Amino acid sequence: MTRAFVRTAILAGLMSAFTHAVILAQTEDALAPDEENGVRTFAEIDTISVYATRNPTSSFDYAGQVTVIERDLILDFNLSSFGDVFDAIPGAQFDSGPRRTGDTATVRGMSGGGVLMFLDGARQSFLSGHDGRFFIDPELIKSIEVVRGPTSSLYGSGALGGVIATRTVTAEDLLDADEAFAVRLNTGFQSVDNDARVGATAAWRSADGKINTVGHLTYRESGNIRLGNGLSLPADDEILSSLLKLGINPVDGLSLFGSWVRFGSDSTDPQNPQGNNLPEPGNELVFRDIRSDTFQTGLNWNPDSALIDLKIAAYQTENIVGKDETQSPRTTSRSVKTTGISFDNRSDIILGDEASLEFTYGGEFYRDRQKGRDNENPDGSRGGVPDARTDFYGVFIQAELAVDAPGPIPGTLSVIPGIRWDSYKSSTLDVDFNINDDRLSPKVGMTYKPVHQFMIFGNYSKGFRAPSFNEAFADGTHFSIPDLSRPTGPRGPVFVSNLFVGNQDLASESSRSWEAGAGFDFGDIFASGDAFLIKGSYYRSRVNNLIGIDVSMPLGCVVPALASLQPCGTGAEFNNVSRYVNITNALIDGVEISATYDSDHVYLHGNASQINGVDRMTGEFLEGVLTPVTIFLDGGIKYQPWGLRAGSRVTHAGTFNKVNDPEEKRSGFTVADIYMIWEPKIPAFHGMRMDLGIDNIMDKNYERINRGVSQPGRSFKIALSWRLGFAAP
């Protein structure tokens, strides 16, 4: 079955379902919400997004695509790493390989600085070629939200592909309404890498409800990873994660908050741990020490006023990755510290009984600072990791207008225009220039619901990404090669080095994107109280000035006869340099569909996606961007009297043949997992939960991210947890 056929079948089925939905919605009163009291008569399976519009918004009603993975589903996946849950998110994937270290993600074909990351609203700006970006243990996560498509109109630089935002657990997540104190203990194990963990969470709330606090601690360790090809990938890490939060509500309408999230990892792996890389010369084995701290404080003020719903937050995030080579005395480190303050406010304007208007507006300042260290350099600096800083300033405004029955048109029309202005300046003491620019990033989205169950939407947006200081101020050695124009001496050939040089003319990456889609949300279809939701879209982006590396090297280094014309040597004097330049204009498009069905006895979640992309200048495929047709299904049965659920997850990917090099083609694959979850209803076991599962039950050898990169083989998993709460005296 070809990918084109699969894509056509999916789209045809979706459009048929949409048409059927409209007909049913107009003729079947049983499927409509209770118009008299405005309450649905069936189960609610929609999720609430916080980051898509900076306001709590229905994911279904949002004029774009956003996926919210909530705590219940995170627990069901029994995660060992952040990326394990990304199968449930269409258009997004992890592309780092089986090891936890080096974790990176792509969203709609964009990765690195093209994807913004937030932890409880604090920016996570650490960027490195091989050290990863996800410094948080899954046990701390309350929800994962992925907004797909450019969101620079709200968040500024970096959101070309979208936003990945995680929120950590709160005291309210652990405490029942009548409880003052609760504790949750948990442990788990998976066989594929002998990953074992233990953790504890405790929460307390004062009798008057004005003070609450929560603390968490998780220890995790794992070893070598058994791959689907039967080989063992060397890996060894220990992780200690912690969380501390405090909330104070001194008066009605005002809440103060503070938090500290800590991640510490010690591992032994290659300099570049991604893919199936093994230690070898040029990719030495290192002791890797990762420390990440995120501090945040702020307030929410929501008095009895339609014009004020204010949030102010100040934060500091510091990520440090140190490496100690096992076979030499060399040690290196990279640290990135982000300090910022942001504010936003919401004001509701009354327009009448059939219209509402809400303005969201605010601004922020944040500074990214990087330091690199290498004990082999006399001055302690690290090549390729310049000591630099970037200052960002931004202000934005967004309006959300909803109109019922606009004119003669039935239904509800929502329009969300927004715009943001950003200015940035990057500088370093090591070079005699800085880079600066400012940008306007507009976006407009529209949603039309002719009936409650059916919606169509579209959006247009511009996004941008400022060059990182590693790109603008690149320095140090890129690589060394033998000088073939010189005779080989008794100690071997003479080597020369290709050096990185900065580029003061480096421009921001920018994009123009549009998206269109539809969805429907039904209930009471096959059984009383069941619910079905589906939403799909097509998007298309033109991305300009993509940043890549331009390498210049004198021909005399490799062709001795030309040494008189282009002599071989090190650095700029011989034009033996590498610099980051704007070299590519890209066209990226894709399809995303997600659906959920839930009832008292059966559930099914699924999604399908595909990403295409070409270099508009050369016509070649964009490497590292494309994905084949990928389908994910997660379904099972529930027996509520026993608190029992059992299900299976299946991921299918088609053959990947849109490659510039035929050797990079990858075969399609189908991988299945099974799991069972038991939450006993027996009073003596109240608060207990047991998870059992087998990932990759057929022990399939498959390649997901690159040719030759095998994924983990069969893995047996178990997790146990127990929660005990105490009522207020």
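Since we're looking at a predicted model, the values are computed, not measured.
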Any chance NZ of K462 has more than 12 other-residue heavy atoms, nucleotides or ligands included, within less than 6.0 Å?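 Counting neighbours around NZ of K462, 12 or fewer heavy atoms of other residues, nucleotides or ligands fall under 6.0 Å, so no.
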Please say whether more than 12 non-hydrogen atoms of neighbouring residues, nucleotides or ligands are located less than 6.0 Å from CZ in R71.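 Buried by this count: over 12 neighbours within 6.0 Å.
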Point-to-point distance, once rounded to the nearest 0.5 Å, from CG of D137 to OG1 of T168: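 So the gap between those two atoms works out to 12.5 Å.
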Atom CZ in R369, atom CZ in R389: separation rounded to 0.5 Å?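 Reported to 0.5 Å precision, the distance equals 8.0 Å.
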Could I get the full list of ring pair (Phe, Tyr, Trp, His ring centres under 6.0 Å) partners for [X], not counting sequence neighbours?
| X | answer |
| --- | --- |
| Y62 | none |
| Y702 | F669 |
| Y51 | F118 |

For a side-chain contact (heavy atoms from CB on, under 4.5 Å) check, start with the C-alpha distance between I547 and E509, then their side-chain angles and the critical distance, and finish with the verdict. CA-CA 7 Å; I547 297 172; E509 297 179 344; 3.6 Å; yes
Does any part of the side chain of [Y], heavy atoms only, come nearer than 4.5 Å to the side chain of [X], both counted from C-beta?
| X | Y | value |
| --- | --- | --- |
| R123 | L116 | yes |
| L119 | F135 | no |
| E703 | V709 | no |

[X] side chain to [Y] backbone, donor-acceptor under 3.5 Å:
| X | Y | result |
| --- | --- | --- |
| T428 | V431 | no |
| S267 | D269 | no |
| R99 | P273 | yes |
| D46 | F60 | yes |
| N283 | N272 | yes |
| T627 | I611 | yes |

Start with the C-alpha gap between F126 and M117, add the side-chain angles, then the distance that decides, and say whether side-chain contact (heavy atoms from CB on, under 4.5 Å) holds. CA-CA 9 Å; F126 185 89; M117 281 193 56; over 6 Å; no
Going by distance alone, is a donor N or O of one side chain under 3.5 Å from an acceptor N or O of the other, for [X] and [Y]?
| X | Y | result |
| --- | --- | --- |
| S153 | Q398 | no |
| Q370 | N470 | yes |
| N612 | K658 | yes |

Is it true that [X] and [Y] have a side-chain N and a carboxylate O under 4.0 angstrom from each other?
| X | Y | result |
| --- | --- | --- |
| R288 | D131 | yes |
| R649 | D634 | yes |
| D87 | R704 | yes |
| D237 | R100 | yes |

With [X], which residues qualify under salt bridge (Lys or Arg N to Asp or Glu O under 4.0 Å), at least two apart?
| X | answer |
| --- | --- |
| R133 | none |
| D76 | R645, R689 |
| D344 | R54, R346 |
| K425 | none |

Applying side-chain contact (heavy atoms from CB on, under 4.5 Å) to Y460 and R512, what does each step give before you reach the verdict? CA-CA 8 Å; Y460 173 81; R512 292 178 295 164; 3.7 Å; yes
Residues in side chain to side chain donor-acceptor pair (under 3.5 Å) with [X], at least two apart?
| X | result |
| --- | --- |
| D437 | R439 |
| S111 | none |
| S143 | R167 |
| T596 | none |

Evaluate S541 against S511 for side-chain hydrogen bond (donor to acceptor under 3.5 Å, both in side chains), listing each step before the verdict. CA-CA 6 Å; S541 297; S511 69; 5.8 Å; no
Can you give me every donor-acceptor pair (side chain of residues 63-70, partner residue at least two apart or in another chain, under 3.5 Å) with its distance?
from, atom 1, to, atom 2, distance (Å)
Q65, NE2, S537, OG, 3.1
T67, OG1, R148, NH1, 2.9
T67, OG1, R148, NH2, 3.4

Candidate list Y393, Y155, F396, F464, test side chain to side chain contact (heavy atoms under 4.5 Å, CB included), partner D422, passing option: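 Between D422 and the candidates, side chain to side chain contact (heavy atoms under 4.5 Å, CB included) is satisfied uniquely by F464.
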Parallel, tilted or perpendicular, as decided by the 30° and 60° cut-offs, for the rings of F392 and Y366: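 The rings of Y366 and F392 lie parallel, inter-plane angle below 30°.
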Evaluation steps, ring-ring contact (aromatic ring centres under 6.0 Å, His included), between F433 and F473: CA-CA 9 Å; F433 67 87; F473 308 117; 5.5 Å; yes
List the atom of D368, the atom of F469, and the distance in Å for their closest heavy-atom pair.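 Closest approach of D368 to F469: O-CE2, 3.6 Å.
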Closest approach of I435 and A472, non-hydrogen atoms and distance?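 Scanning both residues, the minimum pair turns out to be CD1-CB, 3.4 Å.
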What do the steps show when you test I549 against V551 for side-chain contact (heavy atoms from CB on, under 4.5 Å), and what is the final call? CA-CA 6 Å; I549 297 178; V551 180; 3.7 Å; yes
